[in-house]
Amino acid sequence: MALPDAAAAEPASSMTQPSDLASRLQTVRGGVADAARAAGRDPADITTIAITKFHPVSLIEELYALGVRNLGENRHQEAQAKAAELAGQDLVWHFVGQIQGKKARQVRAYANVIHSIDRESLVTALGSEDSSVDCFIQVNLTDDAARGGVDPANLTALVDNVLATPGLRLLGLMAVAPLGVEPRRAFAHVRELSERLRGQAPAATALSMGMSQDYAAAVLEGATHLRIGTAITGNRPVL
Ligand SMILES: *Cc1c(COP(=O)(O)O)cnc(C)c1O
């Protein structure tokens with residue numbers, strides 16, 4: 001066993017009862033399988049990423065013992081510290097938060113997949129002649145530029161920019177469904193954007209979309225990567 005069994009190593013904390021974690025995880029796995037079946041899709045084509053932001057490494061160890069290998073974080077310093085503490089484990093680290101240009105190289109050093117490419121300066125900062133990193137371009141479905149993501153009107157140019165930059169392997173598009181919009185409509189929009197890119201970027205077919213509240217709708221619209229936090233981890237601790 002690569003990691004200690006956290007349930008055995010530690011008394012159950014009041015914050016996260018391991019049995020609750022296991023049952024929430026099982027519920028999500030069942031929900032993903034049900035949604036895949038409803039969509040006529042193979043659940044094996046869908047990667048569920050457990051978003052562990054704000055939670056301690058001990059929770060990641062519990063998830064590991066339950067078979068979780070794909071983890072997501074959205075804050076660089078926290079992600080960097082967790083990845084360092086768990087270095088050498090067979091984990092796949094997904095970075096899903098906004099990235100400051102001056103931190104881009106550091107994020108690249110531990111992230112296996114970067115979901116939040118949204119501007120050309122970031123593409124330049126993440127490029128490399130020496131190694132390749134998987135990435136998604138994040139699309140902003142709101143009118144609020146502060147939310148992160150590229151305006152769909154500028155997507156084609158950004159895709160060209162990523163494709164022309166060594167060291168970035170474009171998997172597809174990422175998005176967050178905006179508040180106040182039917183999630184399925186938002187995800188259908190992302191799927192349409194993705195289909196329009198087929199000629200330009202034939203390999204970039206993945207779709208990172210769907211969170212705790214809306215992952216079933218995302219699966220119906222073709223999501224390949226679900227980013228699920230609280231439905232698995234329980235409520236995030238308040239820091
Ligand atoms: C926190 C976060 C999630 C997970 O959100 P939940 O509602 O807890 O499932 C997914 N994607 C991004 C970009 C996030 O920051």
Side-chain angles (χ1 to χ4, degrees), residues 15-16 20-21 23-32 34-35 46-57 59-60 62-63 66 68-83 92-100 103-104 107 110-119 122 134-142 144-150 171-184 186-187 189-190 206-239:
M15 196 175 67
T16 309
D20 291 348
L21 186 67
S23 69
R24 282 191 301 265
L25 180 63
Q26 195 177 7
T27 299
V28 168
R29 284 173 170 160
V32 172
D34 287 348
I46 299 169
T47 300
T48 297
I49 302 160
I51 305 293
T52 49
K53 63 194 187 198
F54 295 91
H55 286 283
V57 164
L59 179 125
I60 296 176
E62 291 174 31
L63 288 170
L66 295 166
V68 172
R69 296 294 179 272
N70 284 275
L71 300 169
E73 294 282 336
N74 76 335
R75 300 189 306 167
H76 162 58
Q77 284 186 342
E78 178 182 346
Q80 184 181 47
K82 287 175 177 174
V92 181
W93 291 97
H94 298 259
F95 193 81
V96 304
Q98 293 185 40
I99 303 177
Q100 281 178 272
K103 302 290 182 193
V107 172
Y110 59 80
N112 303 105
V113 189
I114 296 172
H115 289 241
S116 44
I117 290 191
D118 61 359
R119 58 195 189 278
L122 187 56
D134 288 345
C135 64
F136 289 87
I137 289 178
Q138 181 177 355
V139 178
N140 187 353
L141 301 177
T142 76
D144 179 1
R147 296 235 155 229
V150 63
L171 299 186
L173 301 182
M174 179 277 221
V176 177
L179 291 173
V181 176
E182 184 64 48
R184 187 152 178 194
F187 296 141
H189 183 198
V190 182
L207 291 171
S208 168
M209 57 189 196
M211 316 194 337
S212 292
Q213 302 303 322
D214 55 23
Y215 69 83
V219 169
L220 288 171
E221 294 299 338
T224 58
H225 293 69
L226 308 176
R227 309 180 312 269
I228 303 186
T230 50
I232 293 173
T233 64
N235 288 333
R236 286 184 272 276
V238 181
L239 298 185

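Order of appearance sets the numbers: ligands from 1, and atoms from 1 within every ligand.
- Within a 6.0 Å sphere centred on CZ of Arg69, heavy atoms belonging to other residues, nucleotides or ligands number more than 12.
- The protein heavy-atom contact nearest to atom 6 (P) of ligand 1 is Ser212 OG, 3.4 Å.
- The CG atom of Leu226 sits 9.0 Å away from atom CE of Met209, with the distance rounded to the nearest 0.5 Å.
- For ligand 1 and Ile228, the ligand atoms under 4.0 Å from any heavy atom of the residue are 9 (O).
- For atom 5 (O) of ligand 1, the candidate residues are Met211, His94, Glu73; the nearest heavy-atom contact is made by Met211.
- At distances below 3.5 Å, not a single donor-acceptor pair connects side-chain atoms of Ser116 with backbone N or O atoms of Gln98.
- Atom 13 (C) of ligand 1 has its closest protein heavy atom at Val96 O, 3.5 Å.
- The closest protein non-hydrogen atom to atom 14 (C) of ligand 1 is Lys53 NZ, 3.1 Å.
- At a heavy-atom cutoff of 4.0 Å, ligand 1 is contacted by the side chain of Asn74 but not by its backbone.
- Considering CG of Leu71 and NZ of Lys53, their distance stands at 13.5 Å, rounded to 0.5 Å.
- For ligand 1, the polar-atom distance check against Ile51 finds no nitrogen or oxygen pair separated by under 3.5 Å.
- Without hydrogens or angle criteria, Arg24 side chain to Thr233 main chain gives a donor-acceptor distance under 3.5 Å.
- With respect to atom 11 (N) of ligand 1, the closest heavy atom belonging to the protein is Arg227 NE, 2.9 Å.
- With hydrogens and angles disregarded, no donor-acceptor distance shorter than 3.5 Å links the side chain of Asn70 to the backbone of Thr48.
- The shell of residues lying under 4.0 angstrom from ligand 1, judged by heavy atoms, includes Arg236.
- In this structure, His76 and Phe95 have perpendicular ring planes: the angle between them is above 60°, well past the 30° mark.
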